[in-house]
Each structure stands twice: as C-alpha cells, then as structure tokens.
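Following: one structure in structure tokens, then a few remarks.
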Amino acid sequence: MEISATPKSEINILIVDDDPTCTIILNKLLSADGYKIIIAKDGQGAIDAAIQFIPDLILLDIMMPGIDGFETCQKIKENKETCHIPVIFVTTCTDEYSIKRGFEVGAEDYIRKPILLTEVLVRVAHQLQYLER
C-alpha cells in the first residue's frame with residue numbers, strides 16, 4: 001500500500017461533539033490545515049453523516065446526549081458502508097476503562113481533552129497516511 005497523494009482539500013473529516021467550543025477549535029485547526037470538515041452534534045447525527053458523506057476520518061467525543069460515542073462508534077463499525085472509516089476519540093474520558101472500551105468498539109486512536117493542536121494534526125495525518133482513493 002502506498003502513502004496517499006490525496007490532496008488535503010479532497011479529504012473529509014467528520015467532527016462529532018456537542019461542545020461548541022471544541023467543535024470550533026477543531027474546525028478552525030483542520031480547515032486551516034486544508035481539510036474539508038463536516039460537523040455533527042450528537043451520535044445519531046454522526047451515524048447519519050457517516051452514511052451520507054462517507055468521510056475519510058471521524059473525530060468523535062464520548063460523552064454526548066442520546067447515543068454516546070462508544071455506541072456511535074460501534075454502530076459505524078458494524079455498518080458495511082462505514083466500517084472502514086478510522087475513528088479517533090477526542091474526549092475527557094481518560095480513565096483506563098474508557099480507553100479500553102474505546103478500542104474495543106473499534107476506535108483507531110485516542111486524543112485527550114484539552115487537546116494539543118499539534119497532537120491533533122499528527123494523529124489525523126497518521127490515520128490518513130494510507131488513504132486510498
């Protein structure tokens with residue numbers, strides 16, 4: 001498999017968080033880096049957006065109203081249309097149980113809040129490095 005030559009402007013990232021401050025920060029950071037952004041505010045919105053847009057990557061909070069991030073990730077990974085999309089949890093849930101549970105439901109990576117901007121860019125790039133188009 002070759003490293004992706006896909007321009008960032010053709011890469012869609014779905015940000016899922018009910019906290020508007022976090023959403024704004026991630027949106028500005030990743031947009032400024034050249035990515036196209038899709039935003040959902042809850043788990044069901046994330047599932048719907050993942051099916052509709054088939055993003056290249058999902059940044060997903062765990063603690064949200066309605067369907068939490070664990071269940072959202074599990075449903076995305078169980079769907080044959082969306083199971084290939086890498087998921088990175090971006091969350092304040094940093095206890096051992098939450099981290100383990102996140103990987104069990106299919107997440108590829110984990111970013112702790114408060115976020116470090118450089119860490120977000122590096123982890124996103126790492127998940128996208130073998131993107132096939």
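All values below were derived from every heavy atom in this structure, side-chain atoms included, with hydrogens, water molecules and symmetry-related copies excluded. It should be emphasised that the depicted structure is a prediction, and the values quoted were computed from it without experimental measurement.
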Given the rule in the side chain to side chain contact (heavy atoms under 4.5 Å, CB included) test, do Ile111 and Leu116 qualify, once you have shown the distances and angles that lead to the verdict?
CA-CA 9 Å; Ile111 297 173; Leu116 301 173; over 6 Å; no
Checking side-chain hydrogen bond (donor to acceptor under 3.5 Å, both in side chains) for the pair Thr23/Asn27: CA distance, chi angles, key distance, verdict?
CA-CA 6 Å; Thr23 302; Asn27 186 9; over 6 Å; no
Set out, in order, the CA-CA distance, both residues' side-chain angles and the distance that settles salt bridge (charged side-chain N to carboxylate O under 4.0 Å, His left out) for Lys100 and Glu104, then state yes or no.
CA-CA 6 Å; Lys100 182 177 183 274; Glu104 286 173 347; 2.6 Å; yes
Yes or no on side chain to side chain contact (heavy atoms under 4.5 Å, CB included) for Thr91 and Ser98, after CA distance, side-chain angles and deciding distance?
CA-CA 10 Å; Thr91 183; Ser98 296; over 6 Å; no
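The shortest heavy-atom contact between Gly45 and Ala40 is C-CB, 3.6 Å. The two residues Leu14 and Ala46 come nearest to each other via the heavy atoms CD2-O, 3.7 Å. Cys22 approaches Asp17 most closely through the heavy-atom pair SG-OD2, 3.4 Å. Summarising the geometry of Ser31 relative to Ile37, their closest heavy-atom pair is OG-CG1, 3.4 Å, with the distance given to 0.1 Å.
Ring geometry for Tyr110 against Phe103 counts as tilted: the plane angle lies between 30° and 60°, on a 0 to 90° scale.
The side chain to side chain contact (heavy atoms under 4.5 Å, CB included) test with Ile11 is passed by exactly one of Asp33, Leu30, Thr6: Thr6. With Cys73 as the partner, the side chain to side chain contact (heavy atoms under 4.5 Å, CB included) test is satisfied by one option alone out of Lys77, Lys75, Glu71: Lys77.
One finds the CZ atom of Arg101 at 12.5 Å from the CG atom of Asp95 (value rounded to the nearest 0.5 Å). With rounding to the nearest 0.5 Å, the separation of CG in Asp61 from CG in Asp42 is 11.5 Å. Distance check, rounded to the nearest 0.5 Å: CZ of Arg112 to OG1 of Thr94 gives 5.0 Å. Note that the CG atom of Leu59 and the CD1 atom of Ile38 stand 11.0 Å from one another [nearest 0.5 Å].
Under the 4.5 Å side-chain heavy-atom criterion for Ile, Leu, Val, Met, Phe, Trp and Tyr, Ile88 and Ile54 are members of distinct hydrophobic clusters. Under a hydrophobic clustering in which Ile, Leu, Val, Met, Phe, Trp and Tyr are joined whenever their side-chain heavy atoms come within less than 4.5 Å, directly or via other members, Val90 and Ile58 fall into different clusters. Linking ILVMFWY side-chain heavy atoms closer than 4.5 Å, directly or via other members, places Ile13 and Ile115 in a single hydrophobic cluster. Both Met64 and Val105 belong to a common hydrophobic cluster when Ile, Leu, Val, Met, Phe, Trp and Tyr are linked at side-chain heavy-atom distances under 4.5 angstrom. In the hydrophobic clustering of this structure, Phe70 groups with Ile67; members are Ile, Leu, Val, Met, Phe, Trp, Tyr whose side-chain heavy atoms approach within less than 4.5 Å, directly or through other members.
Between the Thr82 side chain and the Ile51 main chain, no donor and acceptor come within less than 3.5 Å of each other. Judged by distance alone, the side chain of Asp56 and the main-chain N or O of Asn12 form a donor-acceptor pair under 3.5 Å.
More than 12 heavy atoms of other residues, nucleotides or ligands lie within 6.0 Å of NZ in Lys113, so this atom counts as buried by the packing criterion. Surrounding NE2 of His126 are at most 12 heavy atoms belonging to other residues, nucleotides or ligands under 6.0 Å away.
In this structure, Val87 and Glu108 have side chains that are in contact, with non-hydrogen atoms separated by less than 4.5 Å. Looking only at side-chain heavy atoms (C-beta outward), Pro65 and Asp18 come within less than 4.5 Å of each other. In this structure the side chain of Leu26 never reaches within 4.5 angstrom of the side chain of Ile39, judged on heavy atoms. In this structure the side chain of Tyr35 never reaches within 4.5 angstrom of the side chain of Leu57, judged on heavy atoms.
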